[in-house]
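Here is the structure we will look at.
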Amino acid sequence: MSGTRVRDDAATIGSGITVVGAGVGGLALAVALRRAQISVTVIERRSDPREIESGGGFILWNNAMKALRSLGLAEKVLAAGSSLHRLEWRSSGNRCLAEWPLDRIGNDVGESALGIRRNVLQSILTEAVGPGVLRLGEVYQRFDQRVDSRVDVHLASGESLRTGALVGADGINSRVRAQLQGGARAPRYAGVHQSFGITDYTLDNSAIDTFLELVGPGLRFFVFPVGNGQTYWAAACRASHRPSIGAERPAVEKDRLLSRFAGWPPPVEALIRATDPAAIYRRDIVDRYPIRAWGCGSVTLLGDAAHPLTPNLGQGACQAIEDAAVLGRYLSDGTDVGGALRGYETSRRSRTSSFVLRSRLIGSMGRWQSPVACRVREHFIRTIVAGPALRRHAADMAYEF
Ligand SMILES: Cc1cc2nc3c(=O)[nH]c(=O)nc-3n(C[C@H](O)[C@H](O)[C@H](O)COP(=O)(O)OP(=O)(O)OC[C@H]3O[C@@H](n4cnc5c(N)ncnc54)[C@H](O)[C@@H]3O)c2cc1C
(Lines give C-alpha, C1' and ligand atoms only; values in the text may rest on other atoms or scores of the structure.)
Protein backbone atom coordinates (compact mmCIF):
# COMPACT_ATOMS: atom_id res chain seq x y z
CA MET A 1 0.00 0.00 0.00
CA SER A 2 1.60 3.23 -1.05
CA GLY A 3 1.14 6.38 1.03
CA THR A 4 -0.13 4.56 4.13
CA ARG A 5 1.60 3.28 7.23
CA VAL A 6 0.50 -0.21 8.29
CA ARG A 7 0.81 -1.06 11.95
CA ASP A 8 1.39 -4.79 12.08
CA ASP A 9 -0.41 -6.69 14.84
CA ALA A 10 -0.04 -10.47 14.88
CA ALA A 11 -2.50 -12.66 12.97
CA THR A 12 -4.23 -14.79 15.58
CA ILE A 13 -7.34 -14.04 17.64
CA GLY A 14 -5.27 -13.82 20.77
CA SER A 15 -3.32 -10.90 19.43
CA GLY A 16 -5.73 -8.48 17.89
CA ILE A 17 -9.32 -7.63 16.98
CA THR A 18 -10.32 -4.25 15.57
CA VAL A 19 -13.86 -3.01 16.25
CA VAL A 20 -15.36 -0.05 14.38
CA GLY A 21 -17.81 1.90 16.56
CA ALA A 22 -17.97 2.66 20.28
CA GLY A 23 -21.75 2.46 20.60
CA VAL A 24 -23.35 0.04 23.06
CA GLY A 25 -22.43 -2.98 20.91
CA GLY A 26 -18.81 -2.10 20.13
CA LEU A 27 -18.07 -1.15 23.74
CA ALA A 28 -19.73 -4.31 25.12
CA LEU A 29 -17.64 -6.42 22.73
CA ALA A 30 -14.47 -4.62 23.83
CA VAL A 31 -15.33 -5.44 27.47
CA ALA A 32 -15.92 -9.11 26.55
CA LEU A 33 -12.60 -9.33 24.68
CA ARG A 34 -10.66 -7.62 27.47
CA ARG A 35 -12.12 -10.10 29.96
CA ALA A 36 -10.91 -12.92 27.68
CA GLN A 37 -7.49 -11.22 27.52
CA ILE A 38 -7.78 -10.71 23.78
CA SER A 39 -6.19 -7.53 22.52
CA VAL A 40 -8.76 -5.11 21.05
CA THR A 41 -8.73 -1.68 19.40
CA VAL A 42 -11.96 0.31 18.98
CA ILE A 43 -12.10 2.97 16.25
CA GLU A 44 -14.69 5.68 17.01
CA ARG A 45 -15.30 8.84 15.02
CA ARG A 46 -16.73 10.77 18.01
CA SER A 47 -14.32 12.34 20.45
CA ASP A 48 -16.12 11.01 23.55
CA PRO A 49 -18.41 7.95 23.44
CA ARG A 50 -20.00 9.01 26.75
CA GLU A 51 -21.44 12.12 25.15
CA ILE A 52 -24.46 10.84 23.29
CA GLU A 53 -28.08 12.01 23.14
CA SER A 54 -28.42 13.25 26.71
CA GLY A 55 -32.20 12.94 26.20
CA GLY A 56 -31.96 9.30 25.20
CA GLY A 57 -33.14 6.43 27.39
CA PHE A 58 -33.24 2.68 27.04
CA ILE A 59 -35.18 -0.25 28.28
CA LEU A 60 -32.62 -2.91 29.08
CA TRP A 61 -34.66 -6.07 29.10
CA ASN A 62 -33.83 -9.12 31.22
CA ASN A 63 -31.96 -10.77 28.32
CA ALA A 64 -29.57 -7.80 28.04
CA MET A 65 -29.07 -7.79 31.82
CA LYS A 66 -28.08 -11.48 31.62
CA ALA A 67 -25.52 -10.63 28.95
CA LEU A 68 -24.25 -7.67 30.99
CA ARG A 69 -23.88 -9.97 34.03
CA SER A 70 -21.68 -12.27 31.94
CA LEU A 71 -19.52 -9.18 31.30
CA GLY A 72 -19.36 -8.38 35.03
CA LEU A 73 -21.43 -5.19 34.64
CA ALA A 74 -24.94 -6.07 35.86
CA GLU A 75 -24.58 -4.63 39.38
CA LYS A 76 -23.21 -1.29 38.14
CA VAL A 77 -25.95 -0.96 35.55
CA LEU A 78 -28.66 -1.93 38.06
CA ALA A 79 -27.42 0.70 40.49
CA ALA A 80 -27.51 3.40 37.79
CA GLY A 81 -30.97 2.60 36.38
CA SER A 82 -34.47 1.96 37.63
CA SER A 83 -35.98 -1.55 37.84
CA LEU A 84 -39.30 -2.03 36.07
CA HIS A 85 -41.94 -4.27 37.67
CA ARG A 86 -44.97 -3.71 35.43
CA LEU A 87 -45.70 -2.98 31.78
CA GLU A 88 -49.09 -1.48 31.15
CA TRP A 89 -50.90 -0.62 27.89
CA ARG A 90 -53.62 2.04 28.03
CA SER A 91 -55.76 3.61 25.34
CA SER A 92 -55.57 7.35 24.69
CA GLY A 93 -59.01 7.36 26.37
CA ASN A 94 -57.28 5.98 29.51
CA ARG A 95 -58.69 2.42 29.46
CA CYS A 96 -56.31 -0.28 30.68
CA LEU A 97 -55.82 -2.72 27.77
CA ALA A 98 -53.21 -5.16 29.10
CA GLU A 99 -50.58 -5.62 31.81
CA TRP A 100 -47.40 -7.69 32.02
CA PRO A 101 -45.93 -8.72 35.39
CA LEU A 102 -42.31 -7.82 34.68
CA ASP A 103 -41.37 -8.60 38.29
CA ARG A 104 -42.52 -12.22 37.88
CA ILE A 105 -40.58 -12.60 34.62
CA GLY A 106 -37.56 -11.06 36.38
CA ASN A 107 -37.82 -13.63 39.17
CA ASP A 108 -38.09 -16.51 36.69
CA VAL A 109 -35.16 -15.31 34.57
CA GLY A 110 -33.00 -14.16 37.47
CA GLU A 111 -32.53 -10.61 36.14
CA SER A 112 -34.89 -7.65 36.18
CA ALA A 113 -35.66 -5.27 33.32
CA LEU A 114 -34.66 -1.68 33.84
CA GLY A 115 -34.76 1.82 32.41
CA ILE A 116 -31.49 3.72 32.11
CA ARG A 117 -30.17 6.87 30.44
CA ARG A 118 -28.29 6.18 27.21
CA ASN A 119 -25.30 8.30 28.21
CA VAL A 120 -25.09 6.62 31.64
CA LEU A 121 -24.88 3.18 30.01
CA GLN A 122 -22.25 4.49 27.58
CA SER A 123 -20.21 5.83 30.53
CA ILE A 124 -20.34 2.51 32.40
CA LEU A 125 -19.24 0.60 29.29
CA THR A 126 -16.50 3.12 28.43
CA GLU A 127 -15.09 2.92 31.96
CA ALA A 128 -15.19 -0.90 31.87
CA VAL A 129 -13.24 -1.00 28.59
CA GLY A 130 -10.35 0.69 30.35
CA PRO A 131 -7.39 2.65 28.97
CA GLY A 132 -5.51 2.07 25.72
CA VAL A 133 -8.38 0.52 23.73
CA LEU A 134 -10.36 3.42 22.26
CA ARG A 135 -9.04 5.41 19.33
CA LEU A 136 -11.33 8.43 19.40
CA GLY A 137 -11.86 11.00 16.65
CA GLU A 138 -10.78 8.41 14.03
CA VAL A 139 -12.99 7.72 11.01
CA TYR A 140 -12.93 4.21 9.56
CA GLN A 141 -12.99 4.09 5.75
CA ARG A 142 -12.55 0.59 4.34
CA PHE A 143 -10.83 -2.76 4.75
CA ASP A 144 -8.73 -5.18 2.67
CA GLN A 145 -8.78 -8.92 3.40
CA ARG A 146 -5.29 -10.40 3.05
CA VAL A 147 -4.38 -13.87 1.81
CA ASP A 148 -2.94 -14.71 5.23
CA SER A 149 -6.48 -14.12 6.67
CA ARG A 150 -5.52 -10.91 8.40
CA VAL A 151 -7.29 -7.64 7.58
CA ASP A 152 -5.90 -4.19 6.77
CA VAL A 153 -8.17 -1.51 8.22
CA HIS A 154 -7.86 1.91 6.59
CA LEU A 155 -8.70 5.12 8.42
CA ALA A 156 -9.58 8.53 6.97
CA SER A 157 -6.37 9.90 8.50
CA GLY A 158 -4.36 7.77 6.05
CA GLU A 159 -3.23 5.34 8.73
CA SER A 160 -3.87 1.60 8.31
CA LEU A 161 -3.95 -1.11 10.98
CA ARG A 162 -3.24 -4.78 10.33
CA THR A 163 -5.48 -6.90 12.53
CA GLY A 164 -6.56 -10.50 13.17
CA ALA A 165 -10.28 -9.71 12.61
CA LEU A 166 -12.51 -6.72 11.91
CA VAL A 167 -15.92 -6.27 13.58
CA GLY A 168 -18.22 -3.59 12.12
CA ALA A 169 -20.23 -2.25 15.07
CA ASP A 170 -20.70 1.03 13.24
CA GLY A 171 -24.48 1.34 13.41
CA ILE A 172 -27.32 1.42 10.91
CA ASN A 173 -25.31 3.18 8.19
CA SER A 174 -22.34 0.85 8.63
CA ARG A 175 -19.48 1.32 6.17
CA VAL A 176 -18.20 -2.16 6.97
CA ARG A 177 -21.57 -3.60 5.95
CA ALA A 178 -21.70 -1.44 2.80
CA GLN A 179 -18.35 -2.83 1.66
CA LEU A 180 -19.37 -6.42 2.48
CA GLN A 181 -22.59 -5.95 0.48
CA GLY A 182 -20.94 -4.22 -2.47
CA GLY A 183 -22.43 -0.77 -1.84
CA ALA A 184 -24.39 1.36 0.62
CA ARG A 185 -28.18 1.07 0.58
CA ALA A 186 -30.58 3.42 2.36
CA PRO A 187 -32.46 1.95 5.31
CA ARG A 188 -36.26 1.54 5.14
CA TYR A 189 -38.25 4.41 6.64
CA ALA A 190 -40.95 2.93 8.89
CA GLY A 191 -43.43 5.79 8.41
CA VAL A 192 -42.97 7.01 11.98
CA HIS A 193 -40.81 9.54 13.71
CA GLN A 194 -40.10 9.39 17.39
CA SER A 195 -39.47 12.37 19.66
CA PHE A 196 -38.08 11.77 23.12
CA GLY A 197 -36.69 13.44 26.19
CA ILE A 198 -35.73 13.03 29.84
CA THR A 199 -37.03 15.23 32.62
CA ASP A 200 -36.78 15.52 36.41
CA TYR A 201 -40.59 15.22 36.58
CA THR A 202 -41.25 12.62 39.29
CA LEU A 203 -43.84 9.93 38.55
CA ASP A 204 -46.32 9.22 41.35
CA ASN A 205 -45.70 6.14 43.49
CA SER A 206 -48.07 3.89 41.55
CA ALA A 207 -46.08 4.53 38.32
CA ILE A 208 -42.53 4.63 39.66
CA ASP A 209 -41.75 1.04 38.61
CA THR A 210 -43.96 0.93 35.52
CA PHE A 211 -43.31 1.04 31.79
CA LEU A 212 -46.45 2.72 30.43
CA GLU A 213 -47.46 2.61 26.76
CA LEU A 214 -50.43 4.71 25.64
CA VAL A 215 -51.95 4.00 22.25
CA GLY A 216 -54.11 6.31 20.11
CA PRO A 217 -54.85 7.07 16.45
CA GLY A 218 -51.48 7.13 14.64
CA LEU A 219 -49.76 8.04 17.92
CA ARG A 220 -48.13 6.21 20.82
CA PHE A 221 -46.55 7.54 23.99
CA PHE A 222 -44.06 5.63 26.19
CA VAL A 223 -43.01 6.48 29.76
CA PHE A 224 -40.54 4.84 32.12
CA PRO A 225 -38.18 5.88 34.92
CA VAL A 226 -34.44 5.89 34.14
CA GLY A 227 -32.93 6.22 37.62
CA ASN A 228 -31.81 9.19 39.68
CA GLY A 229 -35.43 10.42 39.97
CA GLN A 230 -35.65 11.06 36.22
CA THR A 231 -38.29 10.00 33.72
CA TYR A 232 -37.89 9.16 30.03
CA TRP A 233 -40.72 9.66 27.57
CA ALA A 234 -41.02 9.04 23.85
CA ALA A 235 -43.74 10.02 21.39
CA ALA A 236 -44.11 7.95 18.20
CA CYS A 237 -46.03 9.81 15.50
CA ARG A 238 -47.20 8.45 12.17
CA ALA A 239 -45.68 10.49 9.33
CA SER A 240 -45.82 9.27 5.75
CA HIS A 241 -42.83 11.36 4.70
CA ARG A 242 -39.65 12.04 6.56
CA PRO A 243 -40.34 15.24 8.51
CA SER A 244 -38.51 18.43 7.64
CA ILE A 245 -38.38 19.83 11.19
CA GLY A 246 -36.61 18.16 14.05
CA ALA A 247 -34.33 18.61 16.99
CA GLU A 248 -32.73 21.57 15.27
CA ARG A 249 -35.96 23.52 15.97
CA PRO A 250 -36.70 22.39 19.54
CA ALA A 251 -39.37 24.96 20.52
CA VAL A 252 -41.38 24.07 17.40
CA GLU A 253 -41.09 20.37 18.23
CA LYS A 254 -42.31 20.85 21.82
CA ASP A 255 -45.34 22.91 20.69
CA ARG A 256 -46.13 20.38 17.99
CA LEU A 257 -46.09 17.53 20.53
CA LEU A 258 -48.24 19.45 23.01
CA SER A 259 -50.83 20.02 20.32
CA ARG A 260 -50.79 16.40 19.00
CA PHE A 261 -51.08 14.88 22.49
CA ALA A 262 -53.54 17.46 23.91
CA GLY A 263 -56.15 15.75 26.11
CA TRP A 264 -54.17 12.48 26.51
CA PRO A 265 -54.19 10.94 30.00
CA PRO A 266 -51.65 12.02 32.63
CA PRO A 267 -48.70 12.21 32.74
CA VAL A 268 -48.36 12.83 28.97
CA GLU A 269 -48.78 16.60 28.77
CA ALA A 270 -47.02 17.20 32.10
CA LEU A 271 -43.94 15.30 30.91
CA ILE A 272 -43.70 17.22 27.63
CA ARG A 273 -44.22 20.55 29.43
CA ALA A 274 -41.57 19.71 32.04
CA THR A 275 -38.91 18.96 29.41
CA ASP A 276 -36.44 21.60 28.29
CA PRO A 277 -37.13 22.12 24.54
CA ALA A 278 -33.40 21.86 23.84
CA ALA A 279 -33.41 18.36 25.40
CA ILE A 280 -36.11 17.02 23.06
CA TYR A 281 -34.64 14.85 20.28
CA ARG A 282 -36.33 13.47 17.20
CA ARG A 283 -35.45 10.47 15.03
CA ASP A 284 -36.95 9.06 11.85
CA ILE A 285 -37.59 5.40 12.64
CA VAL A 286 -35.80 3.11 10.19
CA ASP A 287 -34.72 -0.51 9.89
CA ARG A 288 -33.40 -2.99 7.33
CA TYR A 289 -34.68 -6.39 6.20
CA PRO A 290 -32.60 -9.19 7.80
CA ILE A 291 -29.69 -10.50 5.71
CA ARG A 292 -28.13 -13.96 5.75
CA ALA A 293 -24.48 -13.01 5.24
CA TRP A 294 -23.10 -10.85 8.06
CA GLY A 295 -19.49 -11.31 7.05
CA CYS A 296 -16.81 -13.22 5.24
CA GLY A 297 -13.24 -14.22 5.97
CA SER A 298 -12.06 -12.36 9.06
CA VAL A 299 -14.77 -9.68 8.96
CA THR A 300 -18.19 -9.65 10.63
CA LEU A 301 -20.92 -7.26 11.81
CA LEU A 302 -22.52 -6.66 15.20
CA GLY A 303 -25.55 -4.74 16.56
CA ASP A 304 -27.35 -2.27 14.29
CA ALA A 305 -24.73 -2.78 11.60
CA ALA A 306 -25.89 -6.41 11.27
CA HIS A 307 -29.62 -6.24 12.14
CA PRO A 308 -31.01 -2.72 12.67
CA LEU A 309 -34.53 -2.82 14.10
CA THR A 310 -37.24 -0.33 14.94
CA PRO A 311 -37.57 0.48 18.67
CA ASN A 312 -41.02 -1.15 19.07
CA LEU A 313 -39.73 -4.09 21.13
CA GLY A 314 -36.97 -2.07 22.85
CA GLN A 315 -34.48 -4.72 21.72
CA GLY A 316 -31.95 -2.88 19.47
CA ALA A 317 -29.35 -2.21 22.13
CA CYS A 318 -30.29 -5.43 23.97
CA GLN A 319 -29.52 -7.51 20.86
CA ALA A 320 -26.25 -5.61 20.33
CA ILE A 321 -25.23 -6.49 23.91
CA GLU A 322 -26.22 -10.15 23.39
CA ASP A 323 -24.20 -10.20 20.12
CA ALA A 324 -21.19 -8.87 22.01
CA ALA A 325 -21.40 -11.50 24.75
CA VAL A 326 -21.83 -14.32 22.21
CA LEU A 327 -19.06 -13.12 19.85
CA GLY A 328 -16.73 -12.62 22.81
CA ARG A 329 -17.34 -16.23 23.78
CA TYR A 330 -16.75 -17.59 20.25
CA LEU A 331 -13.54 -15.60 19.89
CA SER A 332 -12.24 -16.70 23.27
CA ASP A 333 -12.93 -20.38 22.53
CA GLY A 334 -10.28 -20.86 19.84
CA THR A 335 -7.80 -19.41 17.40
CA ASP A 336 -9.59 -20.06 14.08
CA VAL A 337 -10.88 -16.55 13.35
CA GLY A 338 -13.12 -17.42 10.39
CA GLY A 339 -14.67 -20.40 12.23
CA ALA A 340 -15.39 -18.28 15.30
CA LEU A 341 -17.02 -15.49 13.25
CA ARG A 342 -19.19 -17.89 11.20
CA GLY A 343 -20.22 -19.74 14.38
CA TYR A 344 -21.26 -16.45 15.99
CA GLU A 345 -23.25 -15.38 12.92
CA THR A 346 -25.08 -18.71 12.71
CA SER A 347 -25.98 -18.66 16.39
CA ARG A 348 -27.35 -15.08 16.22
CA ARG A 349 -29.08 -14.87 12.85
CA SER A 350 -32.49 -16.35 13.50
CA ARG A 351 -33.01 -14.73 16.93
CA THR A 352 -32.13 -11.23 15.72
CA SER A 353 -34.16 -11.62 12.48
CA SER A 354 -37.20 -12.58 14.52
CA PHE A 355 -36.91 -9.39 16.59
CA VAL A 356 -36.49 -7.26 13.42
CA LEU A 357 -39.63 -8.70 11.80
CA ARG A 358 -41.83 -8.66 14.92
CA SER A 359 -40.76 -5.13 15.73
CA ARG A 360 -41.66 -4.08 12.19
CA LEU A 361 -45.12 -5.66 12.52
CA ILE A 362 -45.84 -3.92 15.82
CA GLY A 363 -44.65 -0.61 14.33
CA SER A 364 -46.99 -0.91 11.39
CA MET A 365 -49.95 -1.60 13.73
CA GLY A 366 -48.88 1.44 15.75
CA ARG A 367 -49.49 3.60 12.66
CA TRP A 368 -53.15 2.61 12.38
CA GLN A 369 -55.41 5.61 12.81
CA SER A 370 -58.95 4.99 11.52
CA PRO A 371 -61.54 4.34 14.28
CA VAL A 372 -62.13 0.76 13.06
CA ALA A 373 -58.41 -0.04 12.88
CA CYS A 374 -57.90 1.43 16.37
CA ARG A 375 -60.65 -0.82 17.77
CA VAL A 376 -59.04 -3.87 16.11
CA ARG A 377 -55.67 -2.89 17.60
CA GLU A 378 -57.17 -2.49 21.08
CA HIS A 379 -58.75 -5.94 20.75
CA PHE A 380 -55.36 -7.31 19.66
CA ILE A 381 -53.68 -5.83 22.74
CA ARG A 382 -56.39 -7.18 25.08
CA THR A 383 -56.17 -10.70 23.64
CA ILE A 384 -52.86 -11.40 21.85
CA VAL A 385 -50.56 -9.03 23.78
CA ALA A 386 -52.04 -10.00 27.14
CA GLY A 387 -51.76 -13.75 26.35
CA PRO A 388 -49.57 -15.35 23.66
CA ALA A 389 -47.27 -12.32 23.28
CA LEU A 390 -46.58 -12.31 27.03
CA ARG A 391 -45.62 -16.00 26.89
CA ARG A 392 -43.37 -15.32 23.87
CA HIS A 393 -41.74 -12.40 25.68
CA ALA A 394 -41.04 -14.55 28.75
CA ALA A 395 -39.40 -17.17 26.50
CA ASP A 396 -37.34 -14.46 24.73
CA MET A 397 -36.09 -13.22 28.09
CA ALA A 398 -34.98 -16.70 29.18
CA TYR A 399 -32.56 -16.98 26.20
CA GLU A 400 -29.41 -18.89 27.12
CA PHE A 401 -26.29 -17.91 25.21
C1 LIG B 1 -35.81 6.50 19.52
C2 LIG B 1 -35.10 5.21 19.80
C3 LIG B 1 -35.37 4.49 20.98
C4 LIG B 1 -34.70 3.28 21.25
N5 LIG B 1 -34.99 2.61 22.40
C6 LIG B 1 -34.36 1.43 22.66
C7 LIG B 1 -34.62 0.70 23.88
O8 LIG B 1 -35.45 1.10 24.73
N9 LIG B 1 -33.94 -0.48 24.11
C10 LIG B 1 -33.04 -0.96 23.19
O11 LIG B 1 -32.47 -2.03 23.44
N12 LIG B 1 -32.78 -0.30 22.03
C13 LIG B 1 -33.41 0.88 21.74
N14 LIG B 1 -33.14 1.55 20.59
C15 LIG B 1 -32.17 0.98 19.61
C16 LIG B 1 -30.75 1.29 20.01
O17 LIG B 1 -30.56 2.68 20.15
C18 LIG B 1 -29.78 0.76 18.94
O19 LIG B 1 -30.19 -0.52 18.52
C20 LIG B 1 -28.36 0.65 19.53
O21 LIG B 1 -27.91 1.92 19.92
C22 LIG B 1 -27.40 0.04 18.51
O23 LIG B 1 -26.11 0.03 19.07
P24 LIG B 1 -24.84 -0.20 18.14
O25 LIG B 1 -23.67 -0.18 19.06
O26 LIG B 1 -25.05 -1.36 17.26
O27 LIG B 1 -24.81 1.07 17.15
P28 LIG B 1 -24.69 2.62 17.49
O29 LIG B 1 -25.20 2.93 18.86
O30 LIG B 1 -25.32 3.34 16.33
O31 LIG B 1 -23.11 2.90 17.50
C32 LIG B 1 -22.36 2.97 16.29
C33 LIG B 1 -21.08 3.73 16.60
O34 LIG B 1 -20.24 3.67 15.46
C35 LIG B 1 -19.65 4.95 15.25
N36 LIG B 1 -19.30 5.02 13.82
C37 LIG B 1 -20.15 4.96 12.76
N38 LIG B 1 -19.48 5.05 11.61
C39 LIG B 1 -18.16 5.17 11.93
C40 LIG B 1 -16.97 5.30 11.16
N41 LIG B 1 -16.98 5.30 9.82
N42 LIG B 1 -15.78 5.40 11.81
C43 LIG B 1 -15.74 5.38 13.18
N44 LIG B 1 -16.84 5.28 13.96
C45 LIG B 1 -18.04 5.15 13.34
C46 LIG B 1 -20.74 5.92 15.67
O47 LIG B 1 -20.21 7.20 15.99
C48 LIG B 1 -21.33 5.22 16.90
O49 LIG B 1 -20.66 5.58 18.09
C50 LIG B 1 -33.78 2.77 20.30
C51 LIG B 1 -33.51 3.48 19.12
C52 LIG B 1 -34.17 4.68 18.86
C53 LIG B 1 -33.88 5.42 17.57
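Values below: every heavy atom of this structure, side chains too, minus hydrogens, waters and symmetry copies.
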Under a 3.5 Å threshold, yes or no: a donor from one side chain and an acceptor from the other, between [X] and [Y]?
X: Ser195; Y: Arg282; result: no
X: His85; Y: Asp103; result: no
X: Asn228; Y: Arg117; result: no
X: Asn62; Y: Glu111; result: no

*Please step through side-chain hydrogen bond (donor to acceptor under 3.5 Å, both in side chains) for the pair Arg348 and Gln319, ending with a clear verdict.*
CA-CA 9 Å; Arg348 297 296 299 154; Gln319 289 307 301; 2.8 Å; yes
Let me confirm one number: the [atom1]-[atom2] distance from [X] to [Y], rounded to the nearest 0.5 Å.
X: Asp209; Y: Ser83; atom1: CG; atom2: OG; answer: 9.0 Å
X: Thr210; Y: Leu102; atom1: OG1; atom2: CG; answer: 8.5 Å
X: Asp152; Y: Arg162; atom1: CG; atom2: CZ; answer: 4.0 Å
X: Trp264; Y: Ser91; atom1: CH2; atom2: OG; answer: 8.5 Å
X: Leu390; Y: Ile384; atom1: CG; atom2: CD1; answer: 12.0 Å
X: Leu331; Y: Tyr344; atom1: CG; atom2: OH; answer: 9.5 Å

*Which residue pairs pass the ring pair (Phe, Tyr, Trp, His ring centres under 6.0 Å) test when at least one of the two sits in residues 89-142, sequence neighbours left out?*
Trp89-Trp100, Trp100-His393
*Can you run down the ring pair (Phe, Tyr, Trp, His ring centres under 6.0 Å) pairs that involve residues 109-135, sequence neighbours left out, and say none if there aren't any?*
none
*asked:* Quick one, Thr199 with Thr275, criterion side-chain hydrogen bond (donor to acceptor under 3.5 Å, both in side chains). Give me CA distance, side-chain angles, the key distance, then yes/no.
replied: CA-CA 5 Å; Thr199 145; Thr275 307; 4.6 Å; no
Quick one: does [X]'s side chain get under 4.5 Å of [Y]'s, heavy atoms only?
X: Pro308; Y: Val286; value: no
X: Leu166; Y: Val20; value: yes
X: Ile59; Y: Cys318; value: no
X: Val337; Y: Ser298; value: yes
X: Glu213; Y: Arg220; value: yes

*Should the heavy atoms of other residues, nucleotides or ligands under 6.0 Å from OH of Tyr399 be counted, would the total exceed 12?*
yes
*Quick one: list whatever passes salt bridge (charged side-chain N to carboxylate O under 4.0 Å, His left out) with Glu345, sequence neighbours left out.*
Arg342
*Residues in salt bridge (charged side-chain N to carboxylate O under 4.0 Å, His left out) contact with Arg90, at least two apart in sequence or another chain*: Glu88
_Quick check against the 3.5 Å criterion: does Arg260 have a side-chain atom that pairs as donor or acceptor with the backbone of Cys237?_
no
_My understanding is that only residues two or more places apart in sequence, or in another chain, count here; which of them pass side chain to side chain contact (heavy atoms under 4.5 Å, CB included) with Glu127?_
Lys76
*Salt bridge present between Arg142 and Asp144 (N-O < 4.0 angstrom)*: yes
*Ionic contact status for Arg86 with Glu99, cut-off 4.0 Å*: yes
*Would you list the pairs meeting side chain to side chain donor-acceptor pair (under 3.5 Å) in which at least one residue belongs to residues 353-363, sequence neighbours left out?*
Asp287-Arg360, Thr310-Ser359, Ser354-Arg358, Ser354-Arg392, Arg358-Asp396
*asked:* Tell me if the aromatic rings of Trp233 and Phe221 count as close, with their centers under 6.0 Å from one another.
replied: yes
